[in-house]
> 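I'd like to ask you about the structure that follows.
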2 protein chains.
Amino acid sequence: MQLPNTLRKFQLKSTPCRTEVLQLFFDNDHALSNAFIEKNISSSFDRVTVYRTLKSFEEKGLIHKVLDDNGITKYALCQDCSTHHHHHEHVHFKCETCGQTTCIESVDIPEVKLPKGYKVKERNLLIQGVCEQCI
Amino acid sequence: MQLPNTLRKFQLKSTPCRTEVLQLFFDNDHALSNAFIEKNISSSFDRVTVYRTLKSFEEKGLIHKVLDDNGITKYALCQDCSTHHHHHEHVHFKCETCGQTTCIESVDIPEVKLPKGYKVKERNLLIQGVCEQCI
DNA sequence: CTGTGTGCAAACACTTTGCAGGTGT
DNA sequence: ACACCTGCAAAGTGTTTGCACACAG
């Protein structure tokens with residue numbers, strides 16, 4: 001019963017697809033791609049529906065895009081978006097072996113001093129390497 | 001005469017396409033995408049040839065991939081690859097207005113302490129905002 | 001001469017758009 | 001009841017592959 005509540009909190013209608021996608025986000029502690037969701041979702045939804053689900057989740061601030069080194073888009077839950085007003089400036093780690101990207105919530109992106117004239121809006125730090133499980 | 005020399009230095013045969021692509025990298029101080037090269041190259045080469053040119057440049061260490069927030073791949077010259085053995089851990093800045101991604105060579109990525117168990121291989125810091133010209 | 005670069009056609013992968021019909025509130 | 005979510009088909013965009021020919025060293 002938590003899923004529909006969360007959806008409602010973000011002004012999203014509660015539907016089967018949305019509930020199951022959200023469930024996946026809760027069950028996995030790494031960033032999810034459209035392809036991953038298609039493969040791992042219990043019911044089968046249209047590829048397009050999943051794309052649209054992710055897009056509306058993002059628009060409402062429930063998830064955020066996570067940078068990836070290859071071209072595919074991944075999303076992760078905004079842990080504290082509701083409280084901290086879109087704070088997701090933590091480090092992301094991508095394992096070269098298993099391909100999973102995890103949010104390292106405990107590590108903030110350090111302050112960076114840019115030359116004059118740059119107006120900073122968003123910062124993304126992606127670290128690549130091998131994760132605990134794959135070593 | 002500098003272009004063929006550079007190519008030779010990286011064990012790349014000197015051809016018209018390669019020379020002109022390399023020229024573009026020298027003329028522009030921002031990261032280049034395949035599309036940009038196609039549009040701005042003087043002679044006209046096949047889209048595929050440009051892809052392959054970029055790929056071989058990267059393999060030989062002449063250019064490196066630059067992260068981008070949307071899916072398209074961009075490359076930039078490895079300024080010191082020859083001397084510092086693949087050192088391109090500087091900050092990248094992408095302007096939301098003009099879309100250009102520039103390497104901020106002067107700013108290194110600060111040290112980050114990850115939790116135990118992560119083996120770090122590569123680090124990418126992408127800062128988004130508005131650049132000097134677009135403010 | 002030989003390995004490799006190039007062009008063309010086609011395939012592939014990921015994502016978006018349009019529209020008709022179904023569903024949540 | 002109405003807005004909006006969903007599925008299907010199709011198109012769009014970025015990238016890769018296969019093959020025959022051309023070219024640099």
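The structure presented is a predicted model; accordingly, all values stated were derived computationally and were not measured. Scope of the values below: all heavy atoms of this structure, side chains included, with no hydrogens, waters or symmetry mates. In the text below, chain A, chain B and the rest are named by the order of the sequence lines, each starting its count at 1.
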> Output the rounded distance in Å from CG (A/Asn70) to C1' (C/dC12).
15 Å
> Mind telling me whether B/Phe36 and B/His30 have parallel, tilted or perpendicular rings, with 30° and 60° as the class edges?
perpendicular
> On DNA chain D, nearest-nucleotide positions of B/Thr73 versus B/Ser14: which is more 5'?
B/Thr73
> Measuring from atom CG of B/Leu24 to atom OG1 of B/Thr19, what distance do you get when rounded to the nearest 0.5 angstrom?
11.5 Å
> Rounded to the nearest angstrom, tell me the gap between atom CG in A/Asp46 and atom P in C/dT17.
16 Å
> Is the ring pair A/His90/A/His64 parallel, tilted or perpendicular, if the boundaries are 30 and 60 degrees?
perpendicular
> Would you classify A/Thr53 as touching base, sugar-phosphate or nothing, given that sugar-phosphate means primed atoms plus P, OP1 and OP2, and contacts are heavy atoms under 4.0 Å?
sugar-phosphate
> A/Lys55 NZ to C/dT16 P: how many Å, rounded?
4 Å
> Need to verify one output field. Residue with the more 5' nearest nucleotide on DNA chain D, A/Lys13 or A/Ser44?
A/Lys13
> For A/Leu12 and C/dG24, give me the distance from atom CG to atom C1', rounded to whole Å.
13 Å
> Between C/dT15 atom C1' and A/Glu58 atom CD, what is the distance in whole Å?
14 Å
> Which residue is it: A/Gln2, A/Arg8, A/Lys9? I am looking for the one with a side chain to side chain donor-acceptor pair (under 3.5 Å) to A/Asn5.
A/Arg8
> Give the C-alpha distance, both sets of side-chain angles, the deciding distance and a yes or no for side-chain contact (heavy atoms from CB on, under 4.5 Å) between B/His92 and B/Leu67.
CA-CA 8 Å; B/His92 290 108; B/Leu67 272 201; over 6 Å; no
> Between protein and nucleotides 18-22 of chain C, what N or O pairs are separated by less than 3.5 Å?
residue, atom, partner, partner atom, Å
C/dG18, O6, A/Arg52, NH1, 3.4
C/dG18, O6, A/Arg52, NH2, 3.2

> First contact, last contact: which nucleotides of DNA chain D are these for chain B, 5' to 3', heavy-atom distance under 4.0 Å?
D/dG14 to D/dG25
> Just checking A/Arg47: base, sugar-phosphate only, or nothing, at a heavy-atom cut-off of under 4.0 Å?
base
